[in-house]
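Numbers here are sequence positions counted from 1. Just follow the structure's listing: the first ligand is 1, and inside any ligand the first atom is 1.
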Amino acid sequence: MYSQGLMGVEETPGGEQDLLDRFQARIDAGEKIEPNDEMPEAYRKTLIRQMSQHAHSEIVGVYPEANWVTRAPSLRRKLQAMAKIQDEFGHGLYIYSAAETLGVSREEMIGQLLSGKAKYSSVFNYPTLNWADLAVIGWLGDGAAIMNQIPLCRCSYGPYARSMVLVCKEESFHQRQGFEAMVALMDGSPEQKAMGQDAVNRWWWPIMMMFGPHDADSPNTEMGVKWKIKNFTNDELRQKFIKATVPQAKLIGIEIPDPDLRFNEETGDWDHGEIDWDEFWSVVKGEGPCNHDRITARRKAHAEGAWVLKAAEAYAAKQAARDAA
Ligand code: BYC
């Protein structure tokens with residue numbers, strides 16, 4: 001563990017306000033906060049919350065896609081899907097490692113996921129019904145993820161920011177392969193075009209929800225922005241995503257399933273229809289169409305992979321004993 005130097009407010013010279021002021025001055029000056037630096041307890045907790053949810057999302061996010069590896073339409077598509085899945089698992093491990101620098105153990109974070117206590121992105125609790133869903137997850141799901149993650153490369157916590165650099169490079173490839181698969185579908189037969197449109201119709205709203213509640217209903221945004229954990233608010237990122245997506249959809253002949261979507265000349269933004277927040281919160285609470293399946297699959301994989309962990313620990317102990325001899 002790297003974080004023995006973490007200071008709680010009670011141990012802080014000058015007291016809580018002094019710590020907050022010193023800390024805010026560093027954030028405002030654009031400095032990176034590193035694991036052994038002093039930091040307010042609330043900053044540490046906010047990061048652990050967001051980073052553990054983020055890591056869990058990378059891991060659980062693999063399930064909707066893994067479902068289609070054996071049924072990919074060609075060897076090339078199968079290789080792409082497998083490479084993407086491997087990348088996503090890597091992202092999860094990267095972010096768990098970065099979160100561990102804040103003094104929380106990976107076992108604790110994973111325990112919270114397996115017990116059903118931890119949140120992960122709502123979007124992964126929807127089913128993938130056919131191959132077109134994989135194209136849409138790559139194009140729009142990873143497209144939304146990049147919109148959120150590129151600003152995280154500049155977030156104030158050093159290990160999180162650095163972990164995002166590789167993650168974003170790989171997510172860009174994921175978005176491209178999804179768009180390219182989508183172009184192929186939309187260049188195809190009328191049935192293939194209909195599959196592409198149907199998949200967008202089912203995924204558009206869950207993907208809009210990925211950015212989280214409206215700013216006015218987002219309890220964590222104010223401090224997240226103040227501490228530069230978030231460089232943009234949820235609504236700002238959602239708007240950036242729509243701006244990037246509308247021309248892409250037009251290019252390939254996809255209609256975005258929102259009758260209220262229109263460009264507002266006055267604001268320069270896209271007005272859009274209201275998200276079904278009841279649906280969002282029910283999925284976040286664990287009542288989405290696939291929440292149960294995702295956690296069951298994760299628990300099964302954890303139990304079936306326990307021997308690998310034991311073998312790795314035994315090997316590490318043997319190496320350590322050899323080194324000590
Ligand atoms: N789903 O105050 P708010 C990927 C929760 S995976 C579920 O706005 P915050 C990929 C939120 O946690 C990439 N819960 O929160 C992988 C909070 O609950 P708590 C995933 C959500 O943190 C495989 C409450 O609602 N990306 O790319 O300021 C295959 C109030 O929200 C959601 C990340 O994780 C949601 N959609 O902002 C393919 C990015 N939205 O903790 C692709 C990192 C909100 O107070 N995370 N909640 O109980 C973030 O940027 C921020 O945490 C969020 C939410 C923008 C998601």
task: Check step by step if side chain to side chain donor-acceptor pair (under 3.5 Å) holds for N201 and Q197.
output: CA-CA 6 Å; N201 293 349; Q197 182 64 57; 2.8 Å; yes
Could you identify the single nearest non-hydrogen protein atom to [atom] and state the distance to 0.1 Å?
atom	answer
atom 19 (P) of ligand 1	K119 NZ, 3.6 Å
atom 23 (C) of ligand 1	E88 CD, 3.4 Å
atom 7 (C) of ligand 1	Y120 O, 3.3 Å
atom 43 (C) of ligand 1	H54 ND1, 3.5 Å
atom 40 (N) of ligand 1	G212 CA, 3.2 Å
atom 15 (O) of ligand 1	N220 ND2, 3.3 Å
atom 32 (C) of ligand 1	F280 CZ, 3.5 Å
atom 10 (C) of ligand 1	F124 CZ, 3.5 Å

- request: Report the relative orientation of the aromatic rings in F263 and W270; use parallel for angles under 30°, tilted for 30 to 60°, perpendicular for over 60°.
  value: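 Perpendicular.
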task: Could you tell me how the ring of H54 sits relative to the ring of Y160: parallel (under 30°), tilted (30 to 60°) or perpendicular (over 60°)?
output: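 Rings of H54 and Y160: perpendicular, as their planes differ by over 60°.
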Using only heavy-atom distances, determine whether the side chains of [X] and [Y] contain a donor-acceptor pair under 3.5 Å.
X	Y	value
R298	Y63	yes
R106	S97	yes
D215	T221	no
E88	H174	yes
W203	D133	yes

Pairwise side-chain contact, K230 with S218, heavy-atom cut-off 4.5 Å (strictly under):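 Yes, close enough: below the 4.5 Å cut-off.
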query: Does some side-chain heavy atom of H56 sit less than 4.5 Å from a side-chain heavy atom of M109?
result: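 Yes - at least one pair of side-chain heavy atoms lies under 4.5 Å apart.
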Under a heavy-atom criterion of less than 4.0 Å, does [X] contact ligand 1?
X	value
P213	yes
Y160	yes
E171	yes
H91	no
P219	yes
M51	no
Y63	no

Using a 4.0 Å heavy-atom cut-off, which part of [X] comes near ligand 1: side chain, backbone, both, or neither?
X	result
F232	neither
L237	neither
H174	neither
F211	backbone

- request: Take E236 and K240 through the salt bridge (Lys or Arg N to Asp or Glu O under 4.0 Å) test and state the conclusion after the steps.
  value: CA-CA 6 Å; E236 284 168 351; K240 278 171 172 282; over 6 Å; no
- prompt: For D235 and H214, what are the C-alpha separation, side-chain angles and deciding distance, and is it a side chain to side chain donor-acceptor pair (under 3.5 Å)?
  reply: CA-CA 6 Å; D235 286 327; H214 282 313; 2.9 Å; yes
Options [options], ranked by nearest heavy atom to [atom], top entry:
atom	options	answer
atom 56 (C) of ligand 1	E65, R238, M210, E170	M210
atom 37 (O) of ligand 1	K230, Q149, K285	K230
atom 50 (O) of ligand 1	I85, V123, I95, N148	N148

message: Does the Lys NZ or Arg CZ of K32 fall within the cation-pi geometry relative to Y157 - under 6.0 Å from the ring centre and within 45° of the axis?
response: no
field: Criterion side chain to side chain donor-acceptor pair (under 3.5 Å) against E170, the qualifying member of H91, K84, Q86
entry: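 The residue from H91, K84, Q86 that satisfies side chain to side chain donor-acceptor pair (under 3.5 Å) with E170 turns out to be H91.
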Should you measure from each heavy atom of [X], which atoms of ligand 1 turn up under 4.0 Å away?
X	value
A145	27 (O)
M209	36 (N)
K84	29 (C), 38 (C)
G61	23 (C), 29 (C)

message: Between D269 and K243, does any NZ, NE, NH1 or NH2 come within less than 4.0 Å of an OD or OE carboxylate oxygen?
response: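 Yes.
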message: Between M186 and V200, is there shared hydrophobic-cluster membership here, with clusters defined by ILVMFWY side-chain heavy atoms closer than 4.5 Å?
response: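 Yes: a chain of side-chain contacts under 4.5 Å links M186 to V200.
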task: May I ask you to check whether F23 and Y43 place their ring centres under 6.0 Å from each other?
output: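 Yes, they do, as the ring centres are separated by less than 6.0 Å.
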Ligand 1 to [X] polar contact by distance, N or O atoms, under 3.5 Å:
X	answer
S122	yes
R49	yes
S57	no
D142	no

